[in-house]
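Following: one structure in structure tokens, then a few remarks.
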Amino acid sequence: MLETSARLLRLLSLLQTHRDWSGADLADRLGVTPRTVRRDVDKLRELGYPVNAARGTGGGYQLGAGAELPPLLLDDEEAVAVAVGLRTAAGHGIEGIGESSVRALAKLEQVLPNRLRRRVGALGAFTVPMLHGQDASVVDPGLLTELAAACRDAERLRFAYRTHGGDSSRRTVEPHRLVCTERRWYLVAWDLEREDWRTFRADRITPTPPH
DNA sequence: ATGAGGGGACGCGCGCTTAG
DNA sequence: CTAAGCGCGCGTCCCCTCAT
């Protein structure tokens with residue numbers, strides 16, 4: 001029974017990750033017979049999951065889009081991304097979005113494992129939204145997490161910073177806040193050498209190990 | 001014709017409940 | 001405490017339907 005619901009979750013997770021799966025593949029992965037897979041797919045459908053099936057050569061199962069959104073299984077990275085996105089949306093004051101974001105966030109945080117709650121907390125509490133930005137720049141989410149965690153823990157940070165001109169300098173800072181524009185992340189921090197507040201573009205930061 | 005999902009019927013094994 | 005009874009999940013068998 002407990003075994004069954006666990007298998008149902010695994011099946012759902014398989015369907016959410018991939019392409020389409022043949023019944024035989026799913027049976028193989030789940031360690032049951034195809035007949036049992038069919039029964040499990042039935043159960044998922046009863047629970048409201050839109051599982052599409054294609055017959056004939058090259059057929060298989062696929063998770064489709066339904067009229068209602070069933071619960072999702074997110075991996076750690078996805079859960080953090082969604083939670084942070086919701087927090088940002090909630091804080092942006094966009095009409096109609098803010099309140100829904102808070103509601104969704106409440107649901108998500110209710111089921112969020114503790115280890116993720118900490119990460120979301122770090123990113124959420126130490127970022128502040130700022131309006132308007134221009135071009136896109138890509139920042140490693142791992143770096144953002146690291147910067148946010150440093151803000152949260154008031155942890156001194158050393159990194160190499162690439163300037164607009166292209167030359168690189170080493171900085172030692174006391175991080176204060178991560179600031180998000182529409183497209184860009186900035187770290188606001190106290191620069192110990194220059195004895196002043198500085199704003200660093202996150203995509204120009206390369207962390208160096210402390211010594 | 002072939003290969004895929006869909007599903008009914010049946011039996012087996014396991015765990016739980018209940019009568020003795 | 002034990003054995004019978006029961007429900008349930010699963011595998012097996014078999015046939016159906018549909019797409020290629």
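Every chain is numbered from 1, with letters handed out A, B, ... down the list of sequences.
- Atom CG in A/Leu26 sits roughly 15 Å away from atom P in C/dC10 (whole-Å rounding).
- Phosphate proximity of C/dG9 to A/Arg7: absent, as no side-chain N or O sits under 4.0 Å from OP1 or OP2.
- With B/dG7, B/dG6, C/dC10 as the candidates, the nucleotide lying closest to the side chain of A/Arg45 is B/dG6.
- Here the C1' atom of nucleotide C/dC8 and the CG atom of A/Leu8 are 15 Å apart, to the nearest Å.
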Worked check of side chain to side chain contact (heavy atoms under 4.5 Å, CB included) between A/Arg162 and A/Arg201: CA-CA 9 Å; A/Arg162 208 173 60 254; A/Arg201 267 178 60 167; over 6 Å; no
Review item, nucleotides 18-20 of chain C N/O atoms under 3.5 Å of protein N/O:
| from | atom 1 | to | atom 2 | distance (Å) |
| --- | --- | --- | --- | --- |
| C/dC18 | O4' | A/Arg55 | NH2 | 3.4 |

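- Within the structure, the side-chain hydrogen bond (donor to acceptor under 3.5 Å, both in side chains) test picks out the following pairs touching residues 187-196 of chain A (sequence neighbours left out): A/Arg171-A/Asp191, A/Asp191-A/Arg194, A/Asp196-A/Arg198.
- Proximity of A/Leu26 to A/Asp40: side-chain heavy atoms (C-beta onward) are nowhere separated by under 4.5 Å.
- Computed from coordinates, the A/Asp42 CG to B/dG8 C1' distance equals 13 Å when rounded to whole Å.
- Expressed to the nearest 0.5 Å, how far CG of A/Leu63 lies from CG of A/Asn52 amounts to 8.0 Å.
- A straight line from NZ of A/Lys43 to P of C/dC8 spans 12 Å, rounded to a whole angstrom.
- Going from atom CD of A/Gln62 over to atom P of B/dA4 covers 16 Å, rounded to whole Å.
- Rounded to an integer number of Å, the gap from A/Asp40 CG to B/dG5 P is 14 Å.
- Evaluation of the ring-ring contact (aromatic ring centres under 6.0 Å, His included) rule for A/Phe200 yields A/Phe159, A/Tyr161 as partners, not counting sequence neighbours.
- Panel note: side chain A/Thr208, backbone A/Arg158; a donor-acceptor pair is recorded below 3.5 Å.
- Residue contacts for A/Ala54: at a heavy-atom cut-off of 4.0 Å it reaches the sugar-phosphate backbone alone, with no base atom in range.
- With sequence neighbours left out, A/Glu155 forms a side-chain hydrogen bond (donor to acceptor under 3.5 Å, both in side chains) with no residue at all.
- In the helix from B/dA1-C/dT20 to B/dG20-C/dC1, the terminal helix axes, each the rotation mapping four pairs' C1' atoms onto the next four within five end pairs, subtend 10°, rounded to 10°.
- A/Asn52 places its CG atom 10 Å from the P atom of B/dG6, with the value rounded to the nearest Å.
- Among the heavy atoms of the strands, none lies under 4.0 Å from A/Val41.
- With sequence neighbours left out, the salt bridge (Lys or Arg N to Asp or Glu O under 4.0 Å) criterion links A/Arg156 to A/Glu174.
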Could you walk me through whether A/Leu30 and A/Leu14 pass side chain to side chain contact (heavy atoms under 4.5 Å, CB included), step by step? CA-CA 10 Å; A/Leu30 298 172; A/Leu14 286 174; 4.0 Å; yes
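- Heavy-atom nearest nucleotides on DNA chain B were determined for A/Gly23 and for A/Arg35, and the one closer to the 5' end corresponds to A/Gly23.
- Summarising the geometry, the separation between CZ on A/Arg38 and C1' on C/dT12 is reported as 11 Å, rounded to the nearest angstrom.
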